[in-house]
Protein chains: 2
Amino acid sequence: MNQHSPMPVVNPFERFAAAILPAGVAPDVRARFQSLARHAVADAGGAPLEHQEQDQIVFVASGATKLVARASLGREQIVAFHFAGDLVSLPARGRHSYSLVALQRSEFLSFCATDFLASAQDASCITNEILRRSLVSLWRCREKSITLGRKTAQERLASFLATMADRIGVPHDGGCVLDLPMSRRDIADSLGLTIETVSRQFTILRDLALVETTGRSTVTLTDIPALEDRAGHLPVAA
Amino acid sequence: MNQHSPMPVVNPFERFAAAILPAGVAPDVRARFQSLARHAVADAGGAPLEHQEQDQIVFVASGATKLVARASLGREQIVAFHFAGDLVSLPARGRHSYSLVALQRSEFLSFCATDFLASAQDASCITNEILRRSLVSLWRCREKSITLGRKTAQERLASFLATMADRIGVPHDGGCVLDLPMSRRDIADSLGLTIETVSRQFTILRDLALVETTGRSTVTLTDIPALEDRAGHLPVAA
DNA sequence: CGTCCTATTGAGTACGTTCAAACCCAGTGG
DNA sequence: CCACTGGGTTTGAACGTACTCAATAGGACG
């Protein structure tokens, strides 16, 4: 997929601390989190955190992941994508077995949720940060509900590309270049479509000159405003 | 709609305090929340919290509500239902205008999210409670993503009824009686279907003797295990 | 009892799926 | 360096589920 994704030089816990812990955190609090953290690495396709019996809080130190729910019979739904620096809330496996799967070689720090929150009791700004990020996840999930419930195939793909541009896009003279770590199947499983439909919609957007595709994973968005027009959002002035 | 839904005798703030604030909360903290709370009442169809420019935290003191997102062209998606005792996180209107709409006469306490969290700084168990509830909302929203992305119309309705049985069902000799506060249109807008399709699926479930319907809003689930079999967790043919 | 609005039922259509084949890119070995 | 191989992707044709449009039936209100 990606040729030798560079293994980060920085200690994963340093990344976690920089992203989540407040600047002037007490050393003992920091040490407590360090002792709770479990480090894990996974190659593409790997699910290093299976068999969890308790709710987990997982920090993605590097790489990219999908949070997958299996409905039945190979019917999969990708509930969210997460990238380096993101925090994932992973419930103990319940009715639908959720699992976090790496899209690339990725590093994780996982915490037992209850231990984590107990340790955050003192420093309320940590809990606030977790809450803030959880609300962002909730907001994204609600957006996804709109996409899955009320949008056409083309609107779904356009929305997806616009969202990915925000999250992992690299601006490039007016447009935006995406190096998508996920396959067509992943995109389909995220958008509630089939690979064939995703492919057809890519073709249409290509014919409309809104995107260009290079190889399997590189997508260039040449006209983001037009793409967002096709994403089925409510026009602001309506 | 409902004949004079009884106005609760208990003070809405008392309900809020009982649900959210810890038992032995300091009187001044309690007073601070009381001063932040804005009280609102809405009849069925009313949206008392529109035009918010800031993120809100809303406590549903009584009644039942839908959280609606408008995509475009009258395409609506109901993102969540909330009932008495629930807490709703309502973002400032962004790209998709969300609004909280009452299904029945309902009472609300709304807080500015930043003020609320600032007041909860001292009492970390309050923040924890908000976080806990936000994660429940996130978990429900993920379940909804599976439903909207990968389930058939029949599975969607079966899932919906099973979920509602958990949340507002009244057990009744082996089965469960539901007095649904939402219309067929609301159900359709929640499940990403049309009213006609919802109606047809109700007919099928009725013919299968899994549910009985009485009037417009009362549904009796006579065979919950069979209903959950049809909810798409695992299909019959395998 | 009559009116209005919601819900149900029916017929035809459309969008996305399914099944199947061709194509292309990346990795491997000659 | 290039052909070969294999999985991911694209394209094509037929099908099916849910949608649209339209009419009827049923509840809730005056």
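Proteins come first, then strands; the chains are lettered A, B, ... in the order of their sequence lines, and each starts at number 1.
- Rounding to whole angstrom units, NZ of residue B:K151 and C1' of D:dA18 are separated by 18 Å.
- One interatomic measurement links the two molecules: CZ of A:R185 to P of C:dT17, which rounds to 11 Å at whole-angstrom precision.
- Residues A:L103 and A:P181 come closest through the heavy atom pair CB-O, 3.8 Å.
- A straight line from CZ of A:F202 to P of C:dC25 spans 15 Å, rounded to a whole angstrom.
- At the heavy-atom level, B:R206 lies under 4.0 Å from the strands shown only through sugar-phosphate atoms.
- Between the CG atom of A:L205 and the C1' atom of D:dT10 there is a distance of 15 Å, given to the nearest Å.
- Distance from the side chain of B:S199 is smallest to C:dA7 among C:dA7, D:dT10, C:dG16.
- Partners of A:T152 by side-chain contact (heavy atoms from CB on, under 4.5 Å), not counting sequence neighbours, listed by chain and number: A:Q154, A:E155.
- Checked options B:K66, B:M164, B:Q104; the residue passing with B:M182 is B:M164 (criterion: side chain to side chain contact (heavy atoms under 4.5 Å, CB included)).
- A:T197 and A:A153 make their closest contact through CG2-CB, 3.7 Å (heavy atoms, listed as atom of the first residue, atom of the second, distance).
- The distance between atom CG of A:L191 and atom C1' of C:dT17, rounded to the nearest whole Å, is 15 Å.
- Summarising the geometry, atom CZ belonging to A:R184 is positioned 13.0 Å from atom CG belonging to A:L193; distances are rounded to the nearest 0.5 Å.
- If you measure from atom CE of A:M182 to atom P of D:dT9, you get 12 Å, rounded to the nearest angstrom.
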Anything under 3.5 Å between a protein N or O and an N or O of nucleotides 1-8 of chain D, put it in a table, one pair a line.
from	atom 1	to	atom 2	distance (Å)
D:dG7	N2	A:R216	NH2	2.6
D:dG8	N3	A:R216	NH2	3.4

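- Residue B:I195 is the one, among B:I195 and A:A153, whose nearest nucleotide of DNA chain C lies closer to the 5' end (criterion: closest heavy atom).
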Identify the pairs formed between an N or O of the protein and an N or O of nucleotides 19-23 of chain D at a distance under 3.5 Å, and give each distance.
from	atom 1	to	atom 2	distance (Å)
D:dC19	OP2	B:T194	N	3.4
D:dC19	OP2	B:T194	OG1	3.1
D:dC19	OP2	B:T197	OG1	2.4
D:dT20	O4	B:R200	NH2	3.1
D:dC21	N4	B:E196	OE2	2.9

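- To the nearest angstrom, P of C:dT8 lies 10 Å from CG of B:L157.
- One finds the OG atom of A:S145 at 12.0 Å from the CZ atom of A:R150 (value rounded to the nearest 0.5 Å).
- Axis deviation across the helix from C:dC1-D:dG30 to C:dG30-D:dC1 amounts to 30°, comparing end segments of five pairs, rounded to 10 degrees.
- At least one side-chain heavy atom of A:I187 sits under 4.5 Å from a side-chain heavy atom of A:L180.
- Taking atom CD on A:Q201 and atom C1' on D:dT10, their separation rounds to 13 Å, with Å as the unit.
- Not one N or O on the side chain of A:T213 forms a donor-acceptor pair closer than 3.5 Å with the backbone of A:V219.
- The side-chain contact (heavy atoms from CB on, under 4.5 Å) search around B:R38 returns B:Q56, B:S110, B:C112, not counting sequence neighbours.
- Among all heavy-atom pairs drawn from B:G175 and B:I224, the shortest one is C-CD1, 4.4 Å.
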Donor-acceptor contacts, no H, no angles, side chain residues 76-91 of chain A, under 3.5 Å, sequence neighbours left out:
from	atom 1	to	atom 2	distance (Å)
A:E76	OE2	A:R70	NE	3.1
A:Q77	NE2	A:D189	O	3.1
A:Q77	NE2	A:S190	O	3.1
A:D86	OD2	A:F83	N	2.8
A:D86	OD2	A:R167	NH2	3.0

